[in-house]
Amino acid sequence: MYKYKPKQIEQELLRRWRECNVYSTQNLNAGDKKYYSLYSFPYPSGSGLHVGHAEGMVANDIMARYYRMKGYKVLFPMGWDAFGLPAENYAIKTGTPPQQSTENAIKNFIYQIDRLGISVDWSKEIGTHRPDYYKWTQWIFLELFKKGKAYKKKAPVNWCIGCKTVLANEQVIDGKCERCDSEVVQKEMEQWFFRITDYADRLDSDLEKLDWPRGTKQQQKNWIGKSYGTRIKFNIVEINDVIPDQVIPQTNNSLLLKNIHSNGNDNLLSKSTKDGLKISVRETSETDLKEKEIVGCLEIFTTRIDTIFGATFCVVAPEHEILEALKNKIQNWDEVKRYISESTNKTSLERQTQKEKTGIEIKGLRALNPFSGDLIPIYVADYVLINYGTGAIMAVPAHDERDYEFAKRHQIPIRKVIQNDDKNEGEKDDELFTGYGRLINSREFSGLDSKTAIEKMQNWVIDKNLGRKETMFKIRDWLVSRQRYWGAPIPIIYSPKAEKEGYGYVPKDKLNVLFLHGFGSSGRKGWRIDFEKEMTKLGHKVYLPDLPNPLAPSFVEWENFIIENYLKAFDQNEKVVVVGHSLGGLLAFKLAEKFKLAKIIALAPATPKMDETVDDHLYTSESLNALKDFFNATKDLNVASISKNVDELIIINSKDDYVIKQKSQEFWKKLFKDIAMFVDFENMGHFNNQDLPNGFPELYAYINIKNNSPYPGIFPVNERDLPVLLPVDVNFKPTGESPIKLSKTFNQGVKCPIFGTDAFRESDTMDTFVDSSWYFLRYTDVSNQFAAFSMPKLLPRYNSPRNNEIWETAKEVAALLKDLNYAFFGPLAVSIINGGPYKQLSEIDVVASSHHLKSVIDSLIKNNYELITTEQKDSGYTKLRKNNVELTLRSISLEVTQELKFIEKYYDGVMLKVSTIEDLIEYCKEKNDNEALEMLESTYNQTNLWSPADIYMIGAEHTVLHLLYSRFLTKFLYDCGYINFSEPFTKMRHMGLILGSDRRKMSKRWNNVINPIDEIEKYSADTIRMYEMFMGPYEEAKPWNDRTENGVFRFLNRVAELSDKVSEDYESITQKQRVNELVKKITTDIESLSYNTAVAKFMEFSNFLQEEESISRDVWEKFLKLMAPFAPFLTDHLWNLLGNDNSIHLEKWPDYDGSISSVRDIKIVVQINGKVRGTLTLKNEASESELIELVKQNESISKYIKGEIKKSIYVKEKILSIVC
RNA sequence: GCCGAAGUGGUGGAAUGGUAGACACUGCGGACUUAAAAUCCGUUGCUCGAUGGAGCGUGAGGGUUCGAGUCCCUCCUUCGGUACCA
């Protein structure tokens, strides 16, 4: 008899699956059926995998295996959310660098995940702590910063007095530091934020589209907290004299109101009123009208403007600016000040837990209720929060619980203005009613219901210019700074010099950028195309005009051309930046005499002096004459008007300029010494296209750098300098400082990007939530070196040939290869082999697969190319030369990249570097090769093709933050045009918590932790897989039960033993039908994630087979296939036992056969007056009346029929219901 | 307080408005064994009844329906989230 021996078969199968690459991911093409099974990547903790991980992973694994068998291309990756506090704490404790402990933990995780039989493709592994990942986390930070979605501001942090360091919330225990037990205080520090609030509305409304658990969606909605209300101004007046009576009688002060509203100046109240406006008011309704100066105004936000007549006081948060602004007028300022410092010193936790509503009145000031006209007291109290709404409220004690509580405590009058119409008769009116109702005591608004009143009152407010409707959100911007070591460094540079001078980066500045080329050149050419791309990405509009007659330029012609077509045509409100190169630089200065410009960047500008700019022999006489005139027309520069018209002037030169001489550079330095900033480079030549083959990133920066920046001294790290590596020369012994700050290497060589002076890096790292908010994109293209993920929009830049001769030769070689029927392009492979897109080339690279290389060389020699070196063993290069151009030929391994596979397949494996990927696409179009085109485009589009994830399994503890942040970044990247989907996870499910057998949460403390590997050792991997799926509904919490687990193990044993009964030629209709039904059930169960019932059905089926004499092979095979996603080891083994040598996991999923009908007899339940009284068993279908006849004949049923049959209902093949 | 999810045997749980308790665990009885473990067979919602069978049963109460665990209303309990959000 066959015995199930899991230990033997599992090891063997793991080895075989690895060898045969059973689970490798295929590249996706447009139109392919795909399935992206996403598991929330774990934190690789030292304690390894726990049963909760196993539950989610197995669930994902079943999906992945099922869809693979269904013929889908499946992406099932795994990675590590590796940054974070535990590894850092471990480092502090033991001195082990986090890099090391993390990688060790990862090795253990991989081992454990493999043992579970999870079919992940490890070639897609990522770790957020690895530079090739966090490089792109940093890139995303920069994108956010450049687009104005990342900013810096002061925010309170937990500061430990003892350690002199910032603590995470989790490190603060009862207001004390977890490490040294000393006091933790709130300290204001500059912190980086992401502007997630800009996306609040979309994050809220797009929830509708998602197939997520309802509760999770609701929680996100609550977190975002959208509410509609009114923002309205209350003017503040000073009351110097007697402090008026606290009690404000029900006012009927229409005179007062008239006074305010009919003074012929509707704007009176809306003005910011520091300019001594006066109004007549009464301090109480008994006192006489008095002239009062409006000393300020308080903006409040309310959702219940219908209650405004009941507003008997206002409250401002302790941090509210008005307190400081009007402190001279506050009579009890000392008292107020004391209260402010008391409450701002409280931690947010303390403020939350305190029950009593403290606060004090601000004496000497009153707010004017714009509706009632009452002068009402203003309080400062910390139950009002500075960071919601306006930080100030109108308090309506009669209709708001908190205001009621406060009013009671401080003896403030309560005025009822809403009548509860819904209350039952005889019920007494409560003093507090927070619902909607009918307005009373609200003058002309009395009698309206709340909803109508809100609308009318809002209109009144808008009409009087006192405020506006407003939608408010609870959600706050995302604080991403962490003063910790083990995270991705924030890629920002601080320059003290620039800060002093006021220079800094300006994000999100929308500009018209006008480029003026120089003599003999044209606009859209060379690096300017890159320039245009980069600027457009930042939201600028770029103009690259071709100036008329570049070889014989006329100043008047050029000037008019630009003025008429551009400067006059621009929207007057838009800022204009002119970048002038060489002669275009000179033109720019002349234009500035007449036009307002935000900025001129002059690149090696020509001077209006013939001898300083021009080497005679290089020009034709026609050109020389034109230039002579040009310089004549420009020689008198009006420095004063230029200085007046241009906000900023930047002149950029290079020491090795071969056109503009040093003397001429000095000319400008003298002329503009007080108004321009001068930047000198060493190796930029004349900034011509051949001088800057890699583009001119510095220029991109200068466009967005300016004086009076909101971020003086702050600069983004240049993209090509990413990643900013975490330093390793650090000491983890607790010193109170972040280890990064004490690194000697971290700031080495960091220079100010404009002044070149010493600068230093941001030492904060990013919140680990940033790492995990985009990892699902990286999975789709893990090895992309050019971009964070596949972005057709951001294809890598390629080098263009450096000079004309090379270009011409390249074309010749290309033509030659074309003749040989080879393709003549292929920049990608070359770039990769050469180590990235920024390498400069001085030669032509031809890349070919080795068996093509020989014929290429032969053919080149035939065409007069001279052989310099033959293939060298170490390098694999062959060099040839013609004229002055050197050709480097090399053979390559075709596995380098997908691009190479493409070339190999379609173009016989020969490539010549020419230009850009766009050329390649153009070429495919030219050749009408749609298949190639598709493949090429899909290669650059894996992210869009795979995304969004088809299923996302994640613990229920991540209902808000991670999911919200991921959605935010996805939307941001979508808005940038980098991806074509705006939601990352269309379908998401939570795995339910697995509790200990004592129904408590698993914890070392309760000694109830189950380790999956122990269970695998005890039973088998298939057992723990199936057991975890069988425990109960996937999404619900359920306790562990060893007994049930053992039952699953026994089931697997029985299945194994059943294999003895399989018979090649045995046929059974019943078995055929039963397995056919099973196919249907399992298929629907998997798709609806009802894994527990699927397992039950397997058991049922196995019980059925147990009864059978013999099992037909076909039935058995189907059964194994159906169970393969659940028990991959046993099924694959039994599959092989049948003589199949391939893996069952590569088999096709069985189809349900609708033509096999159920043989089983039709069973009809008979109900009489709603009670089940029996069943009828039929061989064939019968009509309702026939059935009733049968019932009448059946004594045991018909005895319940008392009297006439009044009515009968027949549900086909199910039930017959008789009413009598 | 507010928001969400859920209440079914001794236990985990199953049930497109159509025979409530599938599947499994436990318990009980039995087989095998010197014995135990393992395995196998029978039985297992409650009450009454010798049996056939009858009645009652899905947190409580009410409603819709021929028929309700499922739909509607009111209430209770448990769990999860959140908390001065004006």
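The basis for the numbers below is simple: all heavy atoms, side chains too, and nothing from hydrogens, waters or symmetry mates. Chain A is the first sequence line, chain B the second, and so forth, proteins listed ahead of strands; every chain is numbered from 1. On a predicted model such as this, the values are computed, not experimentally measured, just so you know.
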Self-check item: Nearest-nucleotide pick for A/R214, side chain only, options being B/G12, B/A86, B/G4
Solution: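 The closest nucleotide is B/G4.
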Self-check item: Under 4.0 Å protein heavy-atom contact, by nucleotide of nucleotides 22-31 of chain B - B base, S sugar-phosphate only
Solution: BBSSS-----
Self-check item: Heavy-atom protein contacts under 4.0 Å, nucleotides 66-82 of chain B, coded B base, S sugar-phosphate only, - none
Solution: BS-------------S-
Exercise. Starting from the 5' end of RNA chain B, give me the residue, A/I1215 or A/T303, whose nearest nucleotide shows up first.
Key: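 The residue closer to the strand's 5' end, by nearest nucleotide, is A/I1215.
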Quiz prompt | Whole angstrom value for the distance that separates P of B/A6 from NZ of A/K1038 | solution =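 After rounding, the gap between these two atoms is 14 Å.
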Quiz item: Under 4.5 Å between any side-chain heavy atoms of A/I1010 and A/E1015, yes or no?
Solution: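 In contact.
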Self-check item: Verdict with reasoning, A/W212 to A/Y952, per ring pair (Phe, Tyr, Trp, His ring centres under 6.0 Å)
Solution: CA-CA 10 Å; A/W212 285 17; A/Y952 189 28; 8.3 Å; no
I'd like to know if [X] and [Y] make a salt bridge, using a cut-off of under 4.0 Å between side-chain N and carboxylate O.
X: A/E299; Y: A/R231; result: yes
X: A/E1100; Y: A/K1081; result: no
X: A/R989; Y: A/D211; result: yes
X: A/R415; Y: A/D374; result: yes

Practice problem: Kindly say whether the aromatic ring centers of A/F313 and A/F406 come within a distance under 6.0 Å. | Solution: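 Under 6.0 Å, so yes.
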Quiz item: For the ring pair A/F1098 and A/F1051, is the centre-to-centre distance below 6.0 Å?
Solution: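 No: the rings miss the under 6.0 Å criterion.
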Quiz item: Angle class for the A/F1101/A/F1104 ring planes (parallel below 30°, perpendicular above 60°, tilted otherwise)?
Solution: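 Plane angle between 30° and 60°, so tilted.
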Quiz item: Counting distance only, does the side-chain N/O of A/R967 pair as donor-acceptor with the main-chain N or O of A/L203 below 3.5 Å?
Solution: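 Yes; at least one donor-acceptor contact below 3.5 Å.
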Quiz item: Phosphate oxygens OP1/OP2 of B/A54: is one of them under 4.0 Å from a side-chain N or O of A/Y1200?
Solution: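 The answer is yes; a side-chain N or O of A/Y1200 sits under 4.0 Å from OP1 or OP2.
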Indicate, with a heavy-atom threshold strictly under 4.0 Å, whether [X] touches base, sugar-phosphate, or nothing.
X: A/R476; value: base
X: A/P213; value: nothing
X: A/V1211; value: base

Quiz item: Any chance the side chains of A/N387 and A/R476 put a donor and an acceptor closer than 3.5 Å?
Solution: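 Short answer, yes.
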Quiz item: Dot-bracket, RNA chain B: Watson-Crick or G-U, under 3.5 angstrom, [ ] crossing, | other strand?
Solution: (((((((..(((.....[....))).(((((.......))))).((((....))))..(((((..]....))))))))))))....
Quiz item: Does the base of B/C3 carry an N or O that pairs as donor and acceptor with the side chain of A/K221 under 3.5 Å?
Solution: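 No such pair is found, so the answer is no.
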